[in-house]
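Below is one structure; the comments refer to it alone.
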Amino acid sequence: MAEIGRIAEVAGYLWTKGWAERNGGNISVNLTALMSGDEKALPALSPAIPLQEAMTALAGNFFYVTGTGKRMRYVAQDPFANGSIIRIAGDGLSYEIIAEQPVSPTSELPSHLMMHHYLRMSGRDNRVVLHTHPTDLIGMTHCKPFMQSETITRLLWSMIPECRIIVPKGIGIVPYEIPGTIELARATIKQLDRHDVVFWEKHGILAVGSDIIECFDAIDTLSKSAQIYFSARMAGYEPEGMTDKQLDDLVEAFGL
Ligand code: 13P
Ligand code: ZN
């Protein structure tokens, strides 16, 4: 399936970018519309694994999910030895692994599925959730003044016009929570009504979208902005940043 090739491609980018130390980061993609009847009917390779909350809007859906503890550099080489396809049960209360090997999904599955569920309920066509650990962006989340959605969005937008264009909904902020917890999942979905990219304080970044390459590009563009900001600061000056008018002109010019 071509989509699996795109997932492997992005997993490789995450590693080469230096955003995926050890098993850092995870990916889930809704494959339901891309799978044949025969693929959907594959027998389960695992028992039914209960979900903490009913994912009724995802009942009968299929996801490729990276495996817990698996390294992105190996997902890039062999996505099915380092991830699996899961089928959500008809009542939305459990899932089973159906292909190709019984690789246990990421510990962030609660966040990923709650996000897919929330987006589906909101009528948004976001098939992809991408979580990764970019050094520069995580570094910014260690600085309290940046941990305001408006402040960090304005700062990163103002470093380069593309950022305003490619991340038009700005950045949501989730205060620190233990990785993999339902609390982190709940705090994250609260940000999704207004944002497609969310920063997890002192942990990582998460993007949702309809296309995995676009999700990667959004995070990559934010990372570029952060690098421009830090380069200027390391050279000893505060970067001027684009003015409000320069940013607003992009809204009109690009129909944002
Ligand atoms: P997993 O290996 O379980 O996907 O965890 C990696 C991670 O980044 C947790 O936030
Ligand atoms: Zn993480």
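Read the numbers this way: they start at 1 and go in the same order the structure lists the ligands and their atoms. This one's a predicted model, so the numbers in the text were calculated from it and none came from an experiment.
Atom 8 (O) of ligand 1 has G25 N, 2.9 Å as its closest protein atom, hydrogens excluded (heavy atom only). The shortest contact between atom 4 (O) of ligand 1 and any protein heavy atom is with T106 OG1, 2.7 Å. In terms of protein heavy atoms, atom 9 (C) of ligand 1 is closest to E108 OE2, 3.2 Å. Looking from atom 5 (O) of ligand 1 to the surrounding protein, the closest heavy atom is S107 OG, 3.4 Å.
Salt bridge annotation for D220-K224: absent, with no cationic side-chain nitrogen under 4.0 angstrom from a carboxylate oxygen. Under a 4.0 Å N-O distance rule, the pair E3/R6 qualifies as a salt bridge.
Counted by atom type alone, D38 and S36 present zero donor-acceptor pairs between their side chains at under 3.5 Å. Residues D136 and S223 have side chains that bring a donor and an acceptor to within less than 3.5 angstrom of each other.
Not a single N or O atom of W200, backbone or side chain, sits closer than 3.5 Å to an N or O atom of ligand 1. Residue-to-ligand polar distances keep P179 apart from ligand 1: every N/O pair is separated by 3.5 Å or more.
Ring geometry for F146 against Y229 counts as perpendicular: the plane angle is over 60°, on a 0 to 90° scale with 30° as the lower cut.
Contacts of N26 with ligand 1, taken as heavy-atom pairs under 4.0 Å, involve the side chain alone.
For the pair NE2 of H133 and NE2 of H131, the angle at the Zn ion (ligand 2) is about 100°; rounding is to 10 degrees.
For ligand 1 and N23, the ligand atoms under 4.0 Å from any heavy atom of the residue are 1 (P), 2 (O), 5 (O), 6 (C). Those atoms of ligand 1 with a heavy atom of H131 less than 4.0 angstrom away are 8 (O), 10 (O). Near G69, meaning under 4.0 Å from any of its heavy atoms, are these atoms of ligand 1: 1 (P), 2 (O), 3 (O). Near H133, meaning under 4.0 Å from one of its heavy atoms, ligand 1 places the atoms 8 (O).
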Given the rule in the side-chain hydrogen bond (donor to acceptor under 3.5 Å, both in side chains) test, do S28 and H116 qualify, once you have shown the distances and angles that lead to the verdict? CA-CA 9 Å; S28 64; H116 285 291; 2.7 Å; yes
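With hydrogens and angles disregarded, no donor-acceptor distance shorter than 3.5 Å links the side chain of T132 to the backbone of P134.
When the shell of 6.0 Å around NZ of K40 is examined, it contains more than 12 heavy atoms from other residues, nucleotides or ligands.
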